[in-house]
Amino acid sequence: MIHPRQVPYISYAGEWCFSQLRDAASTTLSIQQRAIAGGMSLSDATSSNIQFIEGAPVWIDTSSLTRLRPEQPWSAYGQFCREFLGPLAVAARCHPDLQRATELWLGGMPLDVVSRLLPRRTWLSPGLLVHIHLHAWMERRTAKKPRSVVNRGGGYSTGAHAGLAQSLMRTVRRLRPRRSAGTWSDYYGDADTGADYVAAKRKLVAELLAVAAPKTVWDLGANVGTFSRVARESGAQVVAWDNEPSCVEDFYQECRSRREKGILPLLLDLTNPSPARGWDGTERPAWCDRGRPDLVMALALLHHLAIGNNVPLERLARFFARHSPWLLIEFVPKQDPRIPQMLALREDIFPGYTAAGFEHAFAAWFDTVRTVPVPHSARVLYLWRRRVTPSRAP
């Protein structure tokens, strides 16, 4: 008996870190191996069939199981390579950001593109040679043949299907995440944001979350999840977003090793977020249309958006008000050591970026519930509650 349950938050492969995509690939292949043993097979192997629930990848599409036809090749083989193996290969052997290229193609990265991106030494890797390079060559070759010739079966067996799944599993598991230079994964280990600051901030965040008592929290700019865990400890289900692949990778790996539930780390660039995609823009909703949190946390984030990306404070206030009735946000003033670093190679064109300017912009949309300075820093935490009617037109 199958008992369906609602997925708390739907995510897609372009929002996963390397290890999430690799775990999703391994889960898909494990199901295929078990299906073959039972005389069945997966008719498709899209990454959309996997969702992360309670910290683990879960296969959600039981309708894609069909009877195994040993005489026919695995119909989902190409799809698996485009949606899983190809993105993993370019992220591991080229650059971690290339994994996000999956969002350019709804059906996964074309193998011809993957083959051209991969360095020549990957031709010496048996798994990548067979499943990427020769596979891409075969696709180009068969594209010129009549359909009757391409679809002609024969020469396969149950053992061949099992061997293919085993070979793909071995290739996937041998790939390792590649770290990019200059990451923010040690942000809270630096002197400017050291242990005293973090300890004090954790305590204050817990106190402010207790006031709002949210059941769901979106942590924007979560870094490696230091404060996402505070939200989880308060009893909330947490979706934690960051735009740095290495941060999300470290966060996910730690969640996995601790077997933490109720936290979903994901990749998101707020200045270029996951849009609505697919036919008529309705197949896959935009990231912000897949749920409504009770509270949004934006800690050590505002200055990156306002100064690093030139987003006016008024627009930031409207953005946060649109997405959540509660907002827990940290204001980082210009005297903070981080901001001179950001302005070192550019002109300071942000005279309105002050505590007064920040409060004025957000007061149009929110009522202040609590304002608390963070010890060992010049930073301030604000707990805001959205007004029923904004004080001025958006």
Side-chain angles (χ1 to χ4, degrees), residues 5 7-13 15-28 30 47 50-60 88 91-92 96 99 172-173 175-180 183-190 193-210 213-268 291 293-297 299-301 328:
R5 58 173 171 157
V7 178
Y9 185 85
I10 296 290
S11 60
Y12 297 105
E15 298 160 348
W16 299 341
C17 68
F18 182 92
S19 290
Q20 284 174 308
L21 184 61
R22 186 177 58 187
D23 286 352
S26 297
T27 298
T28 301
S30 295
S47 58
I50 300 290
Q51 289 299 315
F52 284 83
I53 304 173
E54 298 294 349
V58 176
W59 181 58
I60 63 170
L88 285 169
Q99 183 180 321
V172 164
R173 288 179 173 174
L175 295 171
R176 295 289 182 269
R178 186 186 186 99
R179 299 188 70 86
S180 54
T183 68
W184 291 89
S185 58
D186 194 36
Y187 181 83
Y188 289 110
D190 291 349
T193 51
D196 292 338
Y197 161 82
V198 173
K201 184 171 163 182
R202 282 180 59 91
K203 183 175 182 294
L204 292 175
V205 168
E207 292 174 357
L208 295 175
L209 286 171
K215 293 183 178 179
T216 55
V217 170
W218 284 4
D219 186 2
L220 304 182
N223 197 259
V224 294
T226 301
F227 300 97
S228 302
R229 290 190 171 91
V230 177
R232 180 59 188 144
E233 289 164 5
S234 75
Q237 292 285 322
V238 181
V239 183
W241 308 87
D242 201 88
N243 71 340
E244 173 55 59
S246 295
C247 289
V248 180
E249 179 70 31
D250 291 346
F251 189 3
Y252 173 72
Q253 288 196 21
E254 189 170 4
C255 286
R256 184 176 58 183
S257 66
R258 293 183 180 184
R259 297 185 178 180
E260 292 178 315
K261 298 180 179 181
I263 301 179
L264 177 60
L266 293 173
L267 278 166
L268 176 73
D294 297 321
L295 180 143
V296 164
M297 288 202 309
L299 307 178
L301 173 69
L328 176 52

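Just so you know, these numbers use all the heavy atoms, side chains as well, and skip hydrogens, waters and symmetry mates. It should be emphasised that the depicted structure is a prediction, and the values quoted were computed from it without experimental measurement.
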Checklist entry - Got a second to check how far Met297's CE is from Leu208's CG, nearest 0.5 Å? => result 10.5 Å
Checklist entry - Any side-chain heavy atom of Val198 sitting closer than 4.5 Å to one from Asp196? => result no
Checklist entry - Minimum heavy-atom separation for Val230 to Val205, with atom names? => result CG1-CG1, 3.8 Å
Checklist entry - Got a donor-acceptor contact below 3.5 angstrom from the Ser234 side chain to the Ala231 backbone? => result yes
Checklist entry - Any donor and acceptor pair, going by atom type alone, linking the side chain of Gln51 with main-chain N or O of Ser11 inside 3.5 Å? => result yes
Checklist entry - Should Pro96 and Ser246 count as side-chain neighbours, where that means a heavy-atom distance under 4.5 Å? => result no
Item to check | Leu328 vs Val296, side chain to side chain contact (heavy atoms under 4.5 Å, CB included): CA-CA, chis, key distance, verdict | outcome: CA-CA 6 Å; Leu328 176 52; Val296 164; over 6 Å; no
Item to check | Criterion salt bridge (charged side-chain N to carboxylate O under 4.0 Å, His left out) on Glu254 and Arg229, from CA distance to verdict | outcome: CA-CA 11 Å; Glu254 189 170 4; Arg229 290 190 171 91; 3.8 Å; yes
Next on the checklist: So, taking the atom named CD in Gln20 and the one named CG in Leu266, what distance separates them when rounded to the nearest 0.5 Å?
Outcome noted: 6.0 Å
Checklist entry - Roughly how far apart are Asn243 CG and Leu220 CG, rounded to 0.5 Å? => result 11.0 Å
Item to check | Atom pair CD (Gln237) and CD1 (Ile263), whose distance is rounded to the nearest 0.5 Å | outcome: 9.0 Å
Item to check | Heavy-atom side-chain contact between Leu88 and Phe18 under 4.5 Å | outcome: yes
Checklist entry - Has the side chain of Asp242 got a donor or acceptor atom that lies under 3.5 Å from a matching backbone atom of Asn223? => result yes
Checklist entry - What's the spacing between Ile50 CD1 and Tyr12 OH if we round to 0.5 Å? => result 13.5 Å
Checklist entry - Looking at Arg176 and Ala92, what are the two nearest heavy atoms and their distance? => result O-CB, 3.2 Å
Checklist outcome for this item: Tightest non-hydrogen contact, residues Ala91 and Arg178, listed as O-CB, 3.4 Å
Checklist entry - Would you say the side chain of Gln99 lies within less than 4.5 Å of the side chain of Pro245, judging by non-hydrogen atoms? => result no
Item to check | Expected output: side-chain Arg22 to main-chain Pro177 donor-acceptor under 3.5 Å | outcome: no
Item to check | Residues that Glu15 engages under salt bridge (charged side-chain N to carboxylate O under 4.0 Å, His left out), provided they are two or more places apart | outcome: Arg290
Checklist entry - Nearest heavy-atom pair of Ser228 and Ala240: which atoms, and what distance? => result OG-CB, 3.4 Å
Item to check | Worked verdict on Asp219 versus Val239 for side chain to side chain contact (heavy atoms under 4.5 Å, CB included) | outcome: CA-CA 6 Å; Asp219 186 2; Val239 183; over 6 Å; no
Checklist entry - Is it true that Tyr252 and Trp16 have ring centroids separated by less than 6.0 Å? => result no
Item to check | Straight-line distance of Ile60 CD1 to Arg5 CZ, nearest 0.5 Å | outcome: 11.0 Å
Checklist outcome for this item: Between Ala236 and Val217 the two heavy atoms that sit nearest each other are CB-CG2, 3.7 Å
Item to check | Partners passing ring-ring contact (aromatic ring centres under 6.0 Å, His included) against Tyr9 (at least two apart in sequence or in another chain) | outcome: Trp218, Trp241
Next on the checklist: Please check this pair: side chain of Thr216 against backbone of Asp294, looking for a donor-acceptor N/O pair closer than 3.5 Å.
Outcome noted: yes
Next on the checklist: Salt bridge check, Arg202 against Glu233: does any charged N sit closer than 4.0 Å to a carboxylate O?
Outcome noted: yes
